[in-house]
Chemist: 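The structure is given below, and queries will be raised subsequently.
Atoms within a ligand are numbered from 1 in the order they appear, just like the ligands themselves. The model shown is predicted, which means the values in this text are computed figures rather than measured ones.
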Amino acid sequence: MDLGIAGRTAIVCAASKGLGRATAMQLAKEGVNVIISARTKADLEATADEIRKAANVRVEAVACDVTTDEGRAMILKACPNPDIVINNAGGPPPGDFKDFSLDDWRKAVEWNMITPIALIKSTVYGMMDRKWGRILNITSQSVKAPIASLELSNGARAGLTGAVAVMARRAVKYNVTINNILPGPFETDRLRGSTIKAAQQQGIPVEKAMELRKAGVPAGRFGQPEEFGAAAAFMCSEHAGFITGQNLLLDGGIFPGAL
Ligand code: NAP
C-alpha cells in the first residue's frame, strides 16, 4: 500500500535505536524526510547514515536531550513546520512506590508527559493551519494495564493519554490527528537491558529469563521493531485521517480484554 506521505517531513524523537529508529526508518522508506534526535551523537549519526543508505530522503540528525527546553528548541529550529511528529523518549526507571522520591515523579512527568505536550503545543496549530498533520505518542501497554514496578511510567503515560484526548478531537476537523501507540514487549536494547536485570535479580541465566518473558506473550515471541515501525507509519499515513484520539496496542495479545 502506498501510504501517500512521500515528500512530507517528520520529527522523530529518541530515534537512534529501538522503536524510534524503526519508525524513522519506515517513514523514510515511505519517502518522508526525517529529523531524528537522540542524546548520543555517534549512535545518532550512525543511524542517520543507515537511513540515508536505505532511502532517498533528507535525513537530519539533531543530537540533544528531548526532555529539555533547549533540546526541543534545537529540534524545532531544524524543523519548525513538521507534517508528522513522533513523540518518544526513554522510559522512567523501575522501582517500588515506597522508594520513589517526589523528584523521581517530577522527572517521569517531565520526560513522558510534559515533553510530548510541549512538542504538540509547538506544532499542532501550524499543522491545523496547513490542514494536514499526524502526531503519534509512543507510550506503553502500561496505559491499559499498569505494570508492577513501572509505576512512574504507568502514571506519567496515563497522564499524557488523558491530556491529549480533547485536543485530538479538536484537531481532526483540520485533518490533524493525535494518537498514541502502545508497545508491549519489543526486542530492543531497553527490553534486553531490563531482562538482564531481572535475570540477575532472580539468579537465572539471561536466556532463561528471555524464555520466561516470551512465555507470557500469547504470540510466543517478542515484537520486532520493524513491525512497530510499520504500524506507526500507517498511523501517520494519508489513509489514517479518520483515526484520532486512539490507543493502538501492539502487544502480541497480552492484554486480555475484549475491548
Ligand atoms: P531503546 O531501544 O533503549 O532506545 C531508546 C532511544 O531513545 C535511543 O535512541 C536513545 O538514545 C533515545 N533517548 C532516550 N532518552 C532520550 C532523551 N532524553 N532525549 C533524546 N533521546 C533519548 O528503547 P525502546 O525500546 O525503543 O523504547 C522507546 C520507548 O518505548 C521508551 O519510552 C520505552 O519505555 C517505551 N516502551 C518500550 C517497550 C519495549 O518493549 N521496547 C515497551 C513499552 C514501552 P540516547 O540514549 O543516545 O539518547
Side-chain angles (χ1 to χ4, degrees), residues 11-26 34-48 50-51 61-75 78 85-95 107-116 118-119 136-147 149-158 160-161 180-198 210 213-214 216-217 219 221-229 231-232 247-252 254-255:
I11 289 174
V12 188
C13 302
S16 66
K17 293 181 185 171
L19 306 180
R21 178 190 180 281
T23 302
M25 180 63 89
Q26 191 59 43
V34 290
I35 287 75
I36 60 172
S37 70
R39 291 164 301 182
T40 314
K41 195 167 188 217
D43 292 346
L44 185 68
E45 293 292 352
T47 295
E50 285 169 39
I51 297 175
V62 181
C64 67
D65 183 340
V66 70
T67 66
T68 64
D69 291 343
E70 303 74 44
R72 290 190 295 274
M74 286 167 72
I75 293 170
V85 172
I86 309 294
N87 277 313
N88 187 29
K107 255 187 224 156
V109 169
E110 189 70 39
W111 291 354
N112 296 109
M113 183 177 171
I114 305 290
T115 290
L119 277 173
L136 199 55
N137 303 313
I138 300 182
T139 62
S140 171
Q141 65 179 111
S142 69
V143 171
K144 274 184 87 84
I147 297 173
S149 88
L150 288 182
E151 285 154 312
L152 293 174
S153 170
N154 300 338
R157 297 184 199 276
L160 172 65
T161 306
N180 309 301
I181 186 162
L182 286 56
F186 276 82
E187 206 160 354
T188 65
D189 281 3
R190 179 172 169 91
L191 180 140
R192 279 184 285 273
S194 64
T195 311
I196 289 169
K197 237 183 230 164
M210 283 284 201
R213 204 160 171 186
K214 269 184 209 164
V217 188
R221 64 179 180 85
F222 297 134
Q224 293 306 308
E226 295 72 24
E227 294 175 287
F228 184 94
N247 291 284
L248 178 64
L249 182 61
L250 306 185
D251 72 345
I254 293 174
F255 182 69

Chemist: Atoms of ligand 1 less than 4.0 Å from Pro185 heavy atoms?
Modeler: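 Reading through ligand 1 atom by atom, the close ones are 40 (O).
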
Chemist: Under 3.5 Å, is there a donor-acceptor pair linking the side chains of Arg21 and Ser16?
Modeler: no

Chemist: Using a plain distance cutoff, I'd like to know if Gln141 has any nitrogen or oxygen under 3.5 Å from a nitrogen or oxygen of ligand 1.
Modeler: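 Checking ligand 1 against Gln141, no N or O pair falls under 3.5 Å apart.
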
Chemist: Would Arg213 count as a contact residue for ligand 1, given that I'm defining contact as a non-hydrogen atom of the residue lying under 4.0 Å from a ligand atom?
Modeler: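 No, Arg213 has no heavy atoms under 4.0 Å from ligand 1.
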
Chemist: Compare all side-chain heavy atoms of Val34 with those of Ile51 and state whether any distance is below 4.5 angstrom.
Modeler: yes

Chemist: What residues form a salt bridge (charged side-chain N to carboxylate O under 4.0 Å, His left out) with Arg192, not counting sequence neighbours?
Modeler: Asp189

Chemist: I'd like to know if the side chain of Arg72 and the backbone of Val66 have a donor-acceptor N/O pair within less than 3.5 Å.
Modeler: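 Yes: the side chain of Arg72 pairs with the backbone of Val66.
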
Chemist: Taking N or O atoms only and a 3.5 Å limit, does Ala38 qualify as a polar contact for ligand 1?
Modeler: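 Checking ligand 1 against Ala38, no N or O pair falls under 3.5 Å apart.
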
Chemist: Counting only N and O atoms by type, is there a donor-acceptor contact under 3.5 Å from the side chain of Ser140 to the main-chain atoms of Ser142?
Modeler: yes

Chemist: Under 4.0 angstrom from ligand 1, any heavy atom of Gly184?
Modeler: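 Per 4.0 Å heavy-atom rule, Gly184 contacts ligand 1.
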
Chemist: Number the atoms of ligand 1 from 1 as they appear, then name those within less than 4.0 Å of a heavy atom of Asp189, with their elements.
Modeler: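 Contacts of ligand 1 toward Asp189, numbered from 1: 2 (O).
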
Chemist: Just go through Arg192, Arg21, Arg190 and tell me whose heavy atom is the nearest to atom 3 (O) of ligand 1.
Modeler: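 Looking at heavy atoms only, Arg190 sits closest to atom 3 (O) of ligand 1.
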
Chemist: Counting only heavy atoms on the protein side, is anything nearer than 4.0 Å to atom 38 (C) of ligand 1?
Modeler: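 There is a protein heavy atom less than 4.0 Å from atom 38 (C) of ligand 1.
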
Chemist: Would you indicate whether the side-chain heavy atoms of Leu250 and Glu227 approach each other to under 4.5 Å?
Modeler: no

Chemist: Looking only at distances, can you tell me whether any N or O atom of Lys17, backbone or side chain, sits closer than 3.5 Å to an N or O atom of ligand 1?
Modeler: yes

Chemist: State the atoms of ligand 1, each with its element, that fall below the 4.0 Å cut-off from a heavy-atom position in Thr67.
Modeler: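 Counting from 1, the qualifying ligand atoms are 18 (N).
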
Chemist: Show me which atoms of ligand 1 lie under 4.0 Å from any heavy atom of Cys64.
Modeler: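 Matching atoms, with element in brackets: 19 (N), 20 (C).
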
Chemist: Check this for me - ligand 1, Thr188, N or O atoms closer than 3.5 angstrom, yes or no?
Modeler: yes

Chemist: For atom 43 (C) of ligand 1, which protein heavy atom lies nearest, and how many Å away is it?
Modeler: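 For this ligand atom, the closest protein heavy atom is Pro183 O, 3.3 Å.
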
Chemist: N/O to N/O below 3.5 Å, does that happen between Asp43 and ligand 1?
Modeler: no

Chemist: Mind checking whether Lys41 contacts ligand 1 via backbone (N, CA, C, O), side chain (CB onward), both or neither, at a 4.0 Å heavy-atom cut-off?
Modeler: neither

Chemist: For Leu19 and ligand 1, does the shortest N/O to N/O distance drop below 3.5 Å?
Modeler: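 Yes.
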
Chemist: Answer yes or no: is there a donor N or O on one side and an acceptor on the other, between the side chain of Asn88 and the main chain of Ala14, under 3.5 Å?
Modeler: yes

Chemist: Hey, does Gly223 sit under 4.0 Å from ligand 1 if you only count heavy atoms?
Modeler: no

Chemist: Below 3.5 angstrom, do we get any N/O pair linking Ala89 and ligand 1?
Modeler: yes

Chemist: For atom 22 (C) of ligand 1, what is the nearest protein heavy atom, given as residue, atom name and distance?
Modeler: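 Residue, atom and distance for the closest contact: Ala14 CB, 3.8 Å.
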
Chemist: Are any of the N or O atoms of Val66 closer than 3.5 Å to those of ligand 1?
Modeler: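 Such a contact does occur with ligand 1.
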
Chemist: Which of the atoms in ligand 1, numbered in the order shown and given with their element, are less than 4.0 Å from a heavy-atom of Gly91?
Modeler: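 Those atoms are 31 (C), 32 (O), 34 (O).
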
Chemist: When you compare the side chain of Val217 with that of Pro185, does any pair of heavy atoms fall below 4.5 Å?
Modeler: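 SC-SC contact between Pro185 and Val217 confirmed.
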
Chemist: Backbone N or O of Glu110 within a donor-acceptor pair of the Thr115 side chain at under 3.5 Å?
Modeler: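 Yes.
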
Chemist: How long is the gap from CG on Leu160 to CH2 on Trp111, to the nearest 0.5 Å?
Modeler: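 Separation between the atoms: 15.5 Å.
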
Chemist: Check each atom of ligand 1 against the heavy atoms of Ser16 and keep those under 4.0 Å away; list them by number with element.
Modeler: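 Matching atoms, with element in brackets: 8 (C), 9 (O), 11 (O).
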
Chemist: Of all the non-hydrogen atoms in the protein, which one sits nearest to atom 46 (O) of ligand 1, and at what distance?
Modeler: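 Its nearest protein heavy-atom neighbour is Arg39 NH2, 2.9 Å.
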
Chemist: We want to know whether Gln224 and Glu187 form a side-chain donor-acceptor pair, criterion being a heavy-atom distance below 3.5 angstrom.
Modeler: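 Yes, a side-chain donor-acceptor pair sits under 3.5 Å.
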
Chemist: Yes or no: does Thr139 have any heavy atom under 4.0 Å from an atom of ligand 1?
Modeler: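 Flag set, Thr139 near ligand 1.
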
Chemist: Would Asp65 and Thr67 count as having a side-chain donor-acceptor pair, cut-off 3.5 Å?
Modeler: yes

Chemist: Quick check on contacts: which atoms of ligand 1 are under 4.0 angstrom from a heavy atom of Thr40?
Modeler: 45 (P), 47 (O)

Chemist: Which protein heavy atom lies closest to atom 18 (N) of ligand 1, and at what distance to 0.1 Å?
Modeler: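 Protein heavy atom with the smallest distance to atom 18 (N) of ligand 1: Asp65 OD1, 2.8 Å.
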
Chemist: Just jot down the ligand 1 atoms closer than 4.0 angstrom to any heavy atom of Gly18, in number order.
Modeler: 2 (O), 26 (O)

Chemist: At what distance is the nearest protein heavy atom to atom 29 (C) of ligand 1, and which residue and atom is it?
Modeler: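 Ranked first by proximity to atom 29 (C) of ligand 1 is Asn88 OD1, 3.2 Å.
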
Chemist: Taking N or O atoms only and a 3.5 Å limit, does Phe186 qualify as a polar contact for ligand 1?
Modeler: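 Checking ligand 1 against Phe186, an N or O pair does fall under 3.5 Å apart.
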
Chemist: Phe228 versus Ile181: any side-chain heavy-atom pair under 4.5 Å?
Modeler: yes

Chemist: Quick check: do Leu248 and Asn180 have side-chain heavy atoms less than 4.5 Å from each other?
Modeler: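 When only atoms from C-beta onward are counted, Asn180 and Leu248 do not touch, as no gap falls below 4.5 Å.
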
Chemist: Would you kindly say whether Arg213 and Ser194 are connected by a side-chain donor-acceptor distance under 3.5 Å?
Modeler: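 Result is yes, a qualifying pair exists.
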
Chemist: So do the side chains of Asn87 and Ile138 get within less than 4.5 Å of each other, counting heavy atoms only?
Modeler: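 Counting from C-beta outward, Asn87 and Ile138 never come under 4.5 Å.
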
Chemist: Is any N or O atom of Ile138, backbone or side chain, closer than 3.5 Å to an N or O atom of ligand 1?
Modeler: no

Chemist: CD1 of Ile75 to CD of Glu70: how many Å apart, nearest 0.5 Å?
Modeler: 11.5 Å

